[in-house]
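See below for the structure under consideration.
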There are 2 protein chains.
Amino acid sequence: MNIINTTENILAHFEKFIELSEKLKSELSQRIKPIQFKKGELVLDAKHICTKSYFINKGILRTYFIKNGKEISEYFSGTDEWVNSPKSFMQREKDIYYIDAIETTEAYFINVNDLVYLFDNFPEMERYARLSMGTVFGHFMERITSIRFTSAKERYIHFQKTYSNIYHRIPLGMVASYLGITQETLSRIRAEK
Amino acid sequence: MNIINTTENILAHFEKFIELSEKLKSELSQRIKPIQFKKGELVLDAKHICTKSYFINKGILRTYFIKNGKEISEYFSGTDEWVNSPKSFMQREKDIYYIDAIETTEAYFINVNDLVYLFDNFPEMERYARLSMGTVFGHFMERITSIRFTSAKERYIHFQKTYSNIYHRIPLGMVASYLGITQETLSRIRAEK
DNA sequence: GAAAAAATTTGACATATATCAAATAATTAT
DNA sequence: ATAATTATTTGATATATGTCAAATTTTTTC
């Protein structure tokens, strides 16, 4: 299997937003590398700056932070999604977020330096970034509304919709902290019907 | 006062993120136009597609939606911020958001078509969009955390910090819906100390 | 496959915030 | 200025969710 081949999925993802010239395809293929994480493995420790962005092929990564000694899940990421610690990655400074693998995960990664090179030399990469960020924006707004104005039960239902492919693979405690409720409450909600 | 002059502030804003060539400056100045809103005036009605993006020079705009007949404030925007209905503006479709002026507001605006022209012809505009969106990202993440894990009082304090310049100019009811609590609760929080 | 560890469920009780209703206070219009 | 409207405050009570503790179930390790 050659390099071009291993990056097929991710190139297809770019092509949802922009046209890829042969030149850019080749540059991307040279800079994007495969990586694997075992279940439970730490992908990013908050004590380090995040220098890589991961694109998931298979599996689930979780972004979380620690508050009063407890892990609070910020969000979950599945197939065809980019994962990094946004502020740390873009501004090259430490931030509060950890990333770990909820299940064994196959991903690609690109180093921030390589990404910057691509931004500097391929304007269409800037466009890709703008357009793909736009989608995430809407999700954030929906989530904010969901947290503010709905009961714990409604939030759980919203979560199931948002993560329809993967919600049943995420442990209860992690879901509870994502929803901003206690494990006990979530357990009771699940038991209801 | 010539056109270049009236767009001084907003050009300065762009220059925080990218260098502006004379050519781009001139294109921007031709496409960015001043506009005024009176206190209480509707800037965008959700029954229309949002075709303009506003950059505030002075005053406050509020983005809100209607749930069960009540206005729910999504966020407030002050000096040096862009305001539009994100999904509507970018995808040229209707969305749920209204925008109104909390106080008399001076702004600039640009039409979506003009912005697209600029994106297509000035790669640095794509970069500007990517970088300026990045900042907003962090705010969303902070807000999500603020809503999930803090009491109504803590959220109000967080709100005061986030909107330190303008929070005292926003009516109580609008703040309450922004925080996801009732007016009565917010009134009691304010009365406390 | 038994033992240990971790995750989930269940129970009793506490509390922050919501709801509904009414009283003031502050703005806006005549 | 006065009336009318709108915004804010206050009070009494209800309810969803949290907290703490223990029991059970599931998963992991040896």
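Numbers restart at 1 for each chain; the letters A, B, ... are given by sequence-line order, proteins then strands.
Distance alone, capped at 3.5 Å, is enough to place a donor-acceptor pair between the A:E81 side chain and the A:G78 backbone.
When each of B:K39 and A:L172 is assigned the nucleotide of DNA chain C bearing its nearest heavy atom, the one mapping closer to the 5' terminus is A:L172.
Interface remark: the A:R188 side chain does not form any donor-acceptor pair with the D:dG18 base, using a distance-only criterion of under 3.5 Å.
For A:E106, there are no salt bridge (Lys or Arg N to Asp or Glu O under 4.0 Å) partners, not counting sequence neighbours.
Taking atom CZ of residue A:R155 and atom P of nucleotide D:dA16, one finds them 13 Å apart after rounding to whole Å. Following rounding to the nearest Å, A:Q183 (CD) and D:dT26 (P) show an atom-to-atom distance of 16 Å. Whole-Å rounding puts the A:Y156 OH to D:dA16 C1' distance at 19 Å. For A:R148 and C:dA18, the CZ to C1' distance is 17 Å, given to the nearest whole Å. Nucleotide C:dA18 holds its P atom 11 Å from the NZ atom of B:K70, rounded to whole Å. Atom P of nucleotide C:dT28 and atom NZ of B:K38 are separated by 15 Å, given to the nearest angstrom. Rounded to whole Å, the distance from CD1 on A:I181 to P on C:dT9 is 12 Å. Across the protein-nucleic acid pair, A:F149 atom CZ and C:dA18 atom C1' stand 13 Å apart, rounded to whole Å.
For B:E184, counting side-chain heavy atoms from C-beta on, the closest listed nucleotide (C:dT10, C:dT8, C:dA21) is C:dA21. The side chain of A:S187 approaches C:dT9 more closely than any other nucleotide in the set C:dT17, C:dT19, C:dT9.
For the 3.5 Å distance criterion, the side chains of A:E142 and A:T145 fail to qualify, holding no donor opposite an acceptor. With hydrogens and angles left out, the side-chain atoms of B:S53 and B:N84 include a donor and acceptor closer than 3.5 Å.
As judged by a 4.0 angstrom heavy-atom cut-off over every strand, A:G40 is placed among residues making no nucleic acid contact.
Regarding contacts with the backbone of D:dG18, a side-chain N or O of A:T185 is found under 4.0 angstrom from either OP1 or OP2.
Classification of the A:Y163-A:F159 ring pair by plane angle, with boundaries at 30° and 60°, yields tilted.
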